[in-house]
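Within every chain, numbering begins at 1; the chains are lettered A, B, ... in the order of the sequence lines, protein sequences first and strands thereafter.
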Amino acid sequence: MNNLRNKVQLIGNLGADPEIVTFENGNKLAKVNLATNETYTNAKGEKVDNTHWHRLTAWGKTAEILEAYVKKGEQIAIEGKLITREYETKEGGKKYTTEVHVQEILMLGGGAKNGSKVETKK
Amino acid sequence: MNNLQNAVNLIGRTGIDPVIRTFENGVKLAKFSIATNETIIEANGKSQKTQWHQIVAWGKKAEMIEKFVKKGQLLAVDGKLINRIFKDASGNNKKITEIQVNEILLINPKKAS
């Protein structure tokens with residue numbers, strides 16, 4: 001029910017190896033940037049390539065999958081939701097950042113794990 | 001092809017009357033925020049969480065939004081995620097995440113439109 005109201009689907013390539021944070025209680029957080037590409041024809045009829053970068057976050061089992069199976073440059077499809085949160089900068093100022101909280105991952109690129117789907121809804 | 005790679009679907013209410021900008025060449029840009037709600041069931045009952053999203057729409061969609069969309073309107077939006085950097089009034093670089101509208105649907109459950 002909640003997913004109808006706030007849903008994101010992205011297919012793209014990882015900009016770096018996922019960054020993993022393990023908390024004292026054993027819970028994991030994975031952070032990684034994903035690049036999505038689009039190609040379109042502009043008014044002059046020229047082909048234009050555009051890349052958009054998205055910040056992904058994943059918790060628990062989903063984070064463990066990212067840590068174990070996905071590396072920089074690999075292609076994945078994800079479904080998740082948009083979360084905007086406030087955080088404090090080193091200087092003590094407040095900033096907002098919008099992240100995609102990943103609920104489901106489908107690995108698309110690289111070896112034996114092609115097309116392996118992992119459903120870990122959170 | 002492009003929509004598969006970057007797709008956002010939101011259902012929520014506008015937080016403000018849309019702000020409309022008209023450029024020299026006549027093209028319109030509509031900007032507004034919408035709130036999506038999430039009901040979470042916890043051990044001690046339900047709680048509601050709200051997320052705010054920045055929406056932008058161009059051209060014909062902006063014209064439709066200008067005519068029909070007001071604060072508090074329930075909408076369904078189909079769009080894509082754009083993260084961009086802009087310079088604020090003080091000249092600082094600021095990052096913003098926006099959802100650019102591909103398709104928009106006004107939802108008016110009790111009105112006969």
Side-chain angles (χ1 to χ4, degrees), chain A residues 1-15 32-43 47-57 75-87 89 91 93-104 106 108-109 121-122, chain B residues 1-15 25-27 33-42 46-56 58-59 74-86 88 90 92-103 105 107:
Chain A
M1 178 64 176
N2 286 321
N3 207 33
L4 272 177
R5 294 176 225 185
N6 182 341
K7 179 160 91 169
V8 182
Q9 275 173 253
L10 302 171
I11 299 177
N13 298 72
L14 268 68
V32 73
N33 288 336
L34 188 83
T36 58
N37 297 310
E38 66 171 359
T39 311
Y40 65 95
T41 317
N42 68 8
K47 244 179 119 184
V48 181
D49 274 317
N50 233 357
T51 301
H52 292 292
W53 285 96
H54 312 273
R55 289 193 65 88
L56 304 184
T57 57
Q75 191 182 47
I76 59 173
I78 64 114
E79 183 175 296
K81 64 184 196 191
L82 274 180
I83 295 197
T84 301
R85 56 177 190 88
E86 217 179 298
Y87 70 97
T89 61
E91 299 91 37
K94 283 210 169 131
K95 280 205 160 179
Y96 287 97
T97 181
T98 301
E99 295 163 343
V100 179
H101 174 97
V102 179
Q103 292 159 322
E104 209 175 306
L106 180 65
L108 301 171
K121 286 219 190 265
K122 251 207 168 154
Chain B
M1 176 65 178
N2 286 321
N3 201 36
L4 276 176
Q5 292 160 272
N6 184 343
V8 182
N9 286 309
L10 302 171
I11 299 177
R13 285 192 189 274
T14 50
N25 57 6
V27 171
S33 52
I34 68 167
T36 58
N37 293 313
E38 188 182 333
T39 309
I40 303 172
I41 302 170
E42 288 163 352
K46 287 190 209 173
S47 74
Q48 276 243 345
K49 261 197 191 168
T50 303
Q51 283 291 331
W52 285 95
H53 312 273
Q54 275 295 318
I55 313 292
V56 299
W58 292 89
L74 183 63
L75 304 167
V77 172
D78 178 304
K80 66 182 197 192
L81 267 183
I82 296 192
N83 286 302
R84 60 181 190 88
I85 301 176
F86 70 99
D88 69 5
S90 335
N92 300 318
N93 273 341
K94 284 212 151 173
K95 285 188 200 171
I96 190 166
T97 302
E98 291 166 344
I99 292 114
Q100 189 181 94
V101 175
N102 293 328
E103 219 178 295
L105 179 70
I107 302 170

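- Using modelled atom types, one side-chain atom of Asn83(B) and one backbone atom of Trp53(A) make a donor-acceptor pair closer than 3.5 Å.
- Note that the OG1 atom of Thr98(A) and the CG atom of Leu81(B) stand 8.5 Å from one another [nearest 0.5 Å].
- Looking at Gln51(B) and Arg5(A), their side chains never come closer than 4.5 Å, going by heavy atoms from C-beta outward.
- You'll find the side chain of Lys81(A) stays beyond 4.5 Å of the side chain of Thr36(B), heavy atoms only.
- Atoms CG and CD1, on Leu82(A) and Ile99(B) in that order, are 5.0 Å from each other to the nearest 0.5 Å.
- In this structure, CD1 on Ile11(A) lies 10.0 Å from CG on Asn3(B), to the nearest 0.5 angstrom.
- Applying the side-chain hydrogen bond (donor to acceptor under 3.5 Å, both in side chains) criterion to Gln100(B), with sequence neighbours excluded, gives no partner residue.
- In this structure, OG1 in Thr36(A) is found 12.0 Å from CG in Leu4(B), a value given to the nearest 0.5 Å.
- Here the NZ-OH distance, from Lys94(B) to Tyr96(A), works out to 10.0 Å after rounding to the nearest 0.5 Å.
- At a threshold of 4.5 Å between non-hydrogen side-chain atoms, the residues Val8(A) and Asn9(B) do not count as touching.
- When the options Leu34(A), Asn37(A), Asn50(A), Leu10(A) are evaluated for a side-chain contact (heavy atoms from CB on, under 4.5 Å) with Asn6(B), the one that passes is Leu10(A).
- The side-chain heavy atoms of Lys7(A) and Val8(B), taken from C-beta on, include no pair separated by under 4.5 Å.
- Considering NE2 of His54(A) and NZ of Lys80(B), their distance stands at 9.5 Å, rounded to 0.5 Å.
- Side-chain atoms of Thr97(A) and Thr97(B), non-hydrogen and from C-beta on, never get closer than 4.5 Å to each other.
- For the set Lys95(B), Lys49(B), Arg84(B), His53(B), the entry with the most heavy-atom pairs within less than 4.5 Å of chain A is His53(B).
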